[in-house]
Each structure stands twice: as structure tokens, then as C-alpha cells.
> 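Have a look at the structure that comes next, please.
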Amino acid sequence: MKKYASILAALVLLLGLAALSYAAPAEIPSDTTAVIAKGKTQITLGGELRFRGFYGKNLNVIEKDTYPDSQSLYDYRVRLNLEAKVSPNTTGYVEVESNRADNNRSENVPWGSGGQGPRGTYPFGNWHNESNLYIRQAWIQYQGTGLLGVPAGFKVGKQLIKLGYGLFFDHTYYGDDAILVFVQPLKELTIAAHTIKFREGNPALNDDATAYGILAAYAGKGFGLSADVTYVDHQNFGNIGLRAQLPDIHLWNFGLRGNVDDIAGTGLNFRADVEFQTGKIRDTRLIFNVPDIKLRGWAALAGLDYKFKPIPLTLTLEYAIGSGDKDSTDNKIEAFITALGPEQHYTFIYEFLAPTACNFLGNTQTGLCNTQYLKFGGSFDITKDINAKLYGYWLRAHRAVSINGYTEDKDIGWEVDGVVTYQIDKGLKYWVEAGYFWPGDAYKLPPNGRDADDAWAVRHGIQLNF
């Protein structure tokens, strides 16, 4: 892996899709100086160093005097990237990042972990570096006009993928191996098709998980429209290399979105997203002795942003809802099925750090599964270099749920989140973020329905992008 340690870069946006973000770029300064390479190839280097401290209390949302009820740690993350622009039409990109050596499941490496280094009568500290380097992105993109007479091209390799506002699909944290082909018949219209490999099982068995999809985005003057259809085909779900007939998942997701910016010059922006799911889980009778299960999830989002012209203040009002599973329909799964990464999707405590109301194969970081929220707050530039955000959330389940094992209820609770960011220097920022969650009746505790205690967390960090 050492030969990858110098691989660094900046990502090229895919045709500037506004309403539909398919690939998330790495953030680097726009005036980065390119490294001189052989011939006319232009090499651009970049990266990111991030160090954070975290403290959380009662994140299991039970009782504060339950041990352990608090978490405290520091961590770091390193990202290095390289963009090779071989010609005006052809680009290659590679990004590597740190990864914990003990479980290879997180790019955030805790401080004070490692081994093989400390000696003496106090053998602690002086650790051998405990992290590995893993490839986060590695892709080739070509765009030209030779074959069809209009801008067209392809993007192949491991890439960060997000559909719309990410209600259903957001894999911009680690990325997926995928093939994307696209065409731009009009300046404002982009049409693309993709295939994404989620899992390659035993090459001798039919046990792969693959997604296929088509998408279209129209970026008009002051407005945008986008739509996509995604089909997930997961053969023999749960197979670990055995020649057994296990259930097959056939999930269809249909997304439709729109946005209008600066409506009639008022500074008011509107956005909306609707997602519908259908499909079946087949071959369930052989293992579970039940007929095929139908998939019927859905989700929706609508939001308003108002930017004041005299002062640097933006207010946001947003409502989102995702369906939950209905207990009385054994042959259907009505929960909104999500494919997301291990990052914050809306609230800092609920959903990201605490157990959620998702009543279908979920605990934390489940997105809008069986959840609805109303969000209100704003973002204010205190000075040129200091920004503050404060948002309040009202949270409620779509279907009644018992998160801690008492009676079912729809009341999830309330949350307030805030973050203050200070831009210290070019590419260098420091921030403090915090959240406080008041749990509702869905978190009541057995045997007599005691209320769960409040949960809260605070995190600060410093990050350098170069």
C-alpha cells in the first residue's frame, strides 16, 4: 500500500448535475497548482486532514445512571487524492484514506490506539501507526462529442454515488464500483444509465447484488427537474458461499424531484422529492415457509429556504416523511428501504447516534425509515469568517413503535442541533457542533413505562483541505 501514499487529487463534477447529484467531489482549493507530468498530462494533488473530539451522554436513550451511559474520544482522518487530466476529454482520479487496522470498517482512527511501539517501565504511548490506507475512489471519465455529435461519455470505477437528495440512495461516504454512461442531447438536459455492483459473492454461484438504473436531469434557468428509476437485484440474499436456495430481493425505486430558486426575485427557494418503491422478495417459502413478500415503501420531502438580502441570514422550513412497516400485513414490507452511508442524514442525535423508530432491520443511521420530521431554523454569518447554524426538529413515527420494549407509540420526541464554524485561514476551519434530544413516548422503558432520559452530544474539530 505504500506506493499509494502519494496518490492525491480533485474530483471532476459529472456535467454539473444540479438537481441530481450522482458523484460528490472532493473539496480542494480552486487555485491549486498542478504538478508537472510527462507530456501534456496535468496532475493535480489534494487532500484533507481532520482531527475531532467527541463527548456524548445517554446515546442509547434509556437511563442516565445505566452503565456505560457516556462516550468520549478523539479521532483523526487522512485523505489524499490525485487527478490526472490526460486530455480535455479524459480524466483519471484516485483517492485514498486512512482506515482503522483493527476492524477495517471506519476511516476515523481513534487517538491512543495501536501497538508495537511502547517500551520502558511505562509501556504506553509511542504507538506504531495503527491505520491502513484504503482506496475510496478510483475512476476514469471520458467525455466527448465524436460518436453521437452531442456531449456524451462514460465514467468507470469506484465512485461516490448519490441519487437526488439522498432519501433512498446515498453512497458518498465510501463509494461503489460502478459503470455510468451519459449523454447531453440539450445543454440543459442530461440522461444517464448506470450499473452498480454492491456484492460479488462466489463467482461460481448466482449470489450477486447489483443495481441498474436510468436517470434524467433538466437544469433550467432558476429551476430544475430530475427523475430516476433504480432496480436492485440481490440473488440468494444472505448466502455465504453455500449452494442453497435463499430469498431473492427485487426492489424498484422511483424518484421524482424539482426545485425552484429565488422565486420571483424574493430570495425564496423551494425543493421537493418523492420516492416510491415496489418489488418482491421471492423464494421465501423454501426457507421461511411464507409466500413472496411485496415491497411497498415510500418517502417524501418538501423544503423552503428564504435568504434575506439585507442581512446574511437564511431560514429553512422542511418536512420529510418515510413509511414504516405495518404489523398486520405479513406478506408486505411497507417500510421505506434506504441505502445510506454511516454519516449524519438529518439530526445529530436521533438517527445518527441514537436508536431510531425504523421497524424494519434497523437501529441507527436508517434515514427516513418509519420517521417524519418538521425542521425549522437558520444559518447566520456572524462575521466574514464565522457562521452559526441552529435547527429544531419535531420527530414522529409513521407507524407506532416500541423502541425500548414498552407499548408502541408514534411520539419520537424533539431535538435541537447547532454548529458554529470558524474559517481560520484558507482551507483551515474549526467548528463546534452539539445536539440535545428529548425522547418521546416511543422510548418508554419497561416494565412500568418509565420515561427515558434525555440524550446529548458535543463534538469539535479542526480540518485542513489542501
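The structure presented is a predicted model; accordingly, all values stated were derived computationally and were not measured. For the single chain, residues carry numbers from 1 onward in sequence order.
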> Shortest non-hydrogen contact from His398 to Ser323?
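Looking at all heavy atoms of both residues, the shortest contact is ND1-CA, 3.5 Å.
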
> Without hydrogens or angle criteria, can the side chains of Tyr373 and Glu318 be said to hold a donor-acceptor pair below 3.5 Å?
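Their side chains do contain a donor-acceptor pair, which is all the 3.5 Å distance test asks for.
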
> Looking at side-chain heavy atoms only, is the closest gap between Leu295 and Ile281 below 4.5 Å?
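Leu295 vs Ile281: side chains touch.
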
> Evaluate whether atom CD1 of Ile140 has more than 12 neighbouring non-hydrogen atoms of other residues, nucleotides or ligands under 6.0 angstrom away.
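Result for CD1/Ile140: open.
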
> Mind listing the closest non-hydrogen atom pair of Val401 and Ala442 along with its distance?
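In this case the closest contact between Val401 and Ala442 is O-CB, 3.7 Å.
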
> With Asp273, which residues qualify under salt bridge (Lys or Arg N to Asp or Glu O under 4.0 Å), at least two apart?
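Salt bridge (Lys or Arg N to Asp or Glu O under 4.0 Å) check on Asp273 returns Arg257.
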
> Please step through side-chain hydrogen bond (donor to acceptor under 3.5 Å, both in side chains) for the pair His250 and Tyr231, ending with a clear verdict.
CA-CA 7 Å; His250 304 287; Tyr231 170 60; 2.8 Å; yes

> Just by distance, with hydrogens left out, do Asp233 and Thr210 show a side-chain donor and acceptor under 3.5 Å apart?
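Distance-only check fails for Asp233 and Thr210.
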
> What distance do Asp228 atom CG and Leu215 atom CG have between them, rounded to the nearest 0.5 Å?
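Output value for this atom pair is 6.0 Å.
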
> Could you tell me which non-hydrogen atom of Ala84 sits nearest to which non-hydrogen atom of Ile43, and how far apart they are?
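Nearest heavy atoms, Ala84 then Ile43: CB-CD1, 3.6 Å.
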
> How about Tyr74 and His460: do any of their side-chain heavy atoms sit closer than 4.5 Å?
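They are in contact (side-chain heavy atoms under 4.5 Å apart), so the answer is yes.
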
> Looking at Lys294, I want to see if its NZ is surrounded by more than 12 non-hydrogen atoms of other residues, nucleotides or ligands under 6.0 Å.
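It does not: Lys294 NZ has 12 such atoms or fewer within range.
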
> Look at atom NZ of Lys326 and say whether more than 12 heavy atoms of other residues, nucleotides or ligands are closer to it than 6.0 Å.
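Atom NZ in Lys326 is not crowded, with 12 or fewer foreign heavy atoms closer than 6.0 Å.
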
> Look at the side chain of Ser98 and the backbone N and O of Glu107, then say whether any donor-acceptor pair between them is shorter than 3.5 Å.
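It does hold such a pair.
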
> Tell me if a side-chain donor or acceptor on Thr145 pairs with a main-chain N or O of Gly149 at a distance below 3.5 Å.
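No: the side chain of Thr145 does not pair with the backbone of Gly149.
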
> To the closest 0.5 Å, what do you measure between CZ (Arg50) and CZ (Arg79)?
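So the CZ of Arg50 and the CZ of Arg79 are separated by 7.0 Å.
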
> Kindly give the heavy-atom pair with the smallest separation between Thr230 and Ala211, and that separation in Å.
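Here Thr230 and Ala211 meet closest at CG2-CB, 4.3 Å.
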
> At what distance, to the nearest 0.5 angstrom, does CG of Leu45 lie from CG of Leu80?
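Reported value, rounded in 0.5 Å steps: 9.5 Å.
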
> For a 4.5 angstrom cut-off between non-hydrogen side-chain atoms, does Lys410 reach Arg399?
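Not in contact.
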
> Rounded to the nearest 0.5 Å, what's the gap from CD on Glu334 to CG on Asn370? Could you check?
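Separation between the atoms: 10.5 Å.
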
> How long is the span from the CG atom in Asn58 to the CD1 atom in Ile349, to the nearest 0.5 Å?
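Taking CG in Asn58 and CD1 in Ile349, the distance rounds to 10.5 Å.
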
> Phe198 versus Val232: any side-chain heavy-atom pair under 4.5 Å?
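The answer is yes, as the side chains (C-beta and beyond) meet within the 4.5 Å cut-off.
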
> Can you confirm whether or not the ring centre of Trp456 sits under 6.0 Å from the ring centre of Tyr55?
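Between Tyr55 and Trp456, which both carry aromatic rings, the centre distance is below 6.0 Å.
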
> Quick one: does Asp208's side chain get under 4.5 Å of Lys197's, heavy atoms only?
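The answer is yes; the side chains approach within 4.5 Å.
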
> Does Leu59 reach the side chain of Val61, with side-chain heavy atoms less than 4.5 Å apart?
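Heavy-atom side-chain distance check fails, nothing below 4.5 Å.
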
> Given the rule in the side-chain hydrogen bond (donor to acceptor under 3.5 Å, both in side chains) test, do Asp170 and Thr172 qualify, once you have shown the distances and angles that lead to the verdict?
CA-CA 6 Å; Asp170 185 352; Thr172 55; 2.6 Å; yes

> Considering residues at least two apart in sequence or located in another chain, which fulfil the side chain to side chain donor-acceptor pair (under 3.5 Å) criterion with Lys280?
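Result, side chain to side chain donor-acceptor pair (under 3.5 Å) vs Lys280: none returned.
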
> Tell me whether the centres of the aromatic rings in Tyr173 and His171 are closer together than 6.0 Å.
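Distance test on ring centres: not under 6.0 Å, no.
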
> State whether the side chain of Gln372 and the backbone N or O of Gly322 hold a donor-acceptor pair below 3.5 Å, judged by distance alone.
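A pair under 3.5 Å: no.
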
> With under 30° as parallel and over 60° as perpendicular, where do the rings of Tyr93 and Trp139 fit, or are they tilted in between?
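Correct class here is parallel.
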
> Would the Trp298 and Phe276 ring centres measure less than 6.0 Å apart?
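No; Phe276 has its ring centre 6.0 Å or more from that of Trp298.
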
> Any donor and acceptor pair, going by atom type alone, linking the side chain of Gln143 with main-chain N or O of Phe154 inside 3.5 Å?
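No: the side chain of Gln143 does not pair with the backbone of Phe154.
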
> Can you spot which of Phe352, Trp394, Tyr443 makes a ring pair (Phe, Tyr, Trp, His ring centres under 6.0 Å) with Phe437?
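When ring pair (Phe, Tyr, Trp, His ring centres under 6.0 Å) is applied between Phe437 and each of Phe352, Trp394, Tyr443, only Tyr443 qualifies.
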
> Can you find a heavy atom in the side chain of Val150 that is under 4.5 Å from one in the side chain of Gln184?
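With C-beta onward as the side chain, the pair stays apart.
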
> Set out, in order, the CA-CA distance, both residues' side-chain angles and the distance that settles side-chain contact (heavy atoms from CB on, under 4.5 Å) for Ile321 and Arg396, then state yes or no.
CA-CA 9 Å; Ile321 183 171; Arg396 188 171 177 83; over 6 Å; no

> If we ignore hydrogens and angles and just use 3.5 Å, is the side chain of Gln277 paired with the main-chain N or O of Phe336 as donor and acceptor?
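It does not hold such a pair.
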
> Could you check whether any side-chain N or O of Asn359 sits under 3.5 Å from a backbone N or O of Asp325, counting only pairs where one atom can act as donor and the other as acceptor?
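Here the side-chain-to-backbone pair exists.
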
> Is a side-chain donor or acceptor of Thr371 paired with a backbone partner of Ala397 at a separation under 3.5 angstrom?
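Pair absent, no side-chain N/O of Thr371 close to backbone of Ala397.
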
> Looking at Asp261, Val260, Asn259, which one forms a side-chain contact (heavy atoms from CB on, under 4.5 Å) with Arg271?
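Only one option passes, and that is Asn259.
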
> Does the ring of Tyr391 carry Lys375 above it, NZ/CZ under 6.0 angstrom from centre and within 45° of its axis?
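Yes, Lys375 and Tyr391 form such a contact.
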
> Quick one: are Arg52 and Asn108 in side-chain contact, heavy atoms under 4.5 Å?
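Side chain of Arg52 against side chain of Asn108, heavy atoms only: contact under 4.5 Å found.
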
> Kindly determine whether Ile62 and Leu445 satisfy side-chain contact (heavy atoms from CB on, under 4.5 Å), including the steps that lead there.
CA-CA 7 Å; Ile62 42 179; Leu445 301 164; 3.8 Å; yes

> When you measure from the side chain of Arg199 to the backbone of Asp207, do you find a donor-acceptor pair of N or O atoms at a distance under 3.5 Å?
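Side chain of Arg199 to backbone of Asp207: a pair is present.
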
> Is there a donor-acceptor pair under 3.5 Å between the side chain of Thr356 and the backbone N or O of Asn363?
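Answer holds: yes.
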
> Is there a side-chain contact (heavy atoms from CB on, under 4.5 Å) between Leu464 and Glu48? Walk through the geometry before answering.
CA-CA 6 Å; Leu464 176 64; Glu48 172 191 299; over 6 Å; no

> With rounding to the nearest 0.5 Å, note down the distance linking CD1 in Ile196 to CG in Leu163.
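Going from CD1 on Ile196 over to CG on Leu163, the span is 6.5 Å.
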
> Of the non-hydrogen atoms in Ala457 and Phe348, which two are nearest, and what is the gap between them?
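The answer is O-CE2, 3.8 Å.
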
> What's the verdict on side-chain contact (heavy atoms from CB on, under 4.5 Å) for Ile462 and Lys429, showing C-alpha distance, side-chain angles and the deciding distance?
CA-CA 6 Å; Ile462 188 167; Lys429 66 179 181 181; over 6 Å; no

> Hey, which of Lys158, Gln137, Gln159 is the one that makes side-chain hydrogen bond (donor to acceptor under 3.5 Å, both in side chains) with Glu95?
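Among the candidates, only Gln137 passes.
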
> Specify whether Phe254 and Trp252 have parallel, tilted or perpendicular ring planes, treating 30° as the upper limit for parallel and 60° as the lower limit for perpendicular.
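Phe254 and Trp252: parallel rings.
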
> Which heavy atom in Leu340 sits nearest to a heavy atom in Leu167, and how many Å separate them?
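So the minimum-distance heavy-atom pair works out to CD2-O, 4.1 Å.
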
> Test side-chain hydrogen bond (donor to acceptor under 3.5 Å, both in side chains) on Asn99 and Glu97 and set out the steps.
CA-CA 7 Å; Asn99 199 294; Glu97 69 179 7; 5.1 Å; no

> Is a side-chain donor or acceptor of Ser87 paired with a backbone partner of Asn89 at a separation under 3.5 angstrom?
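Judged by distance alone, yes, a pair lies under 3.5 Å.
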
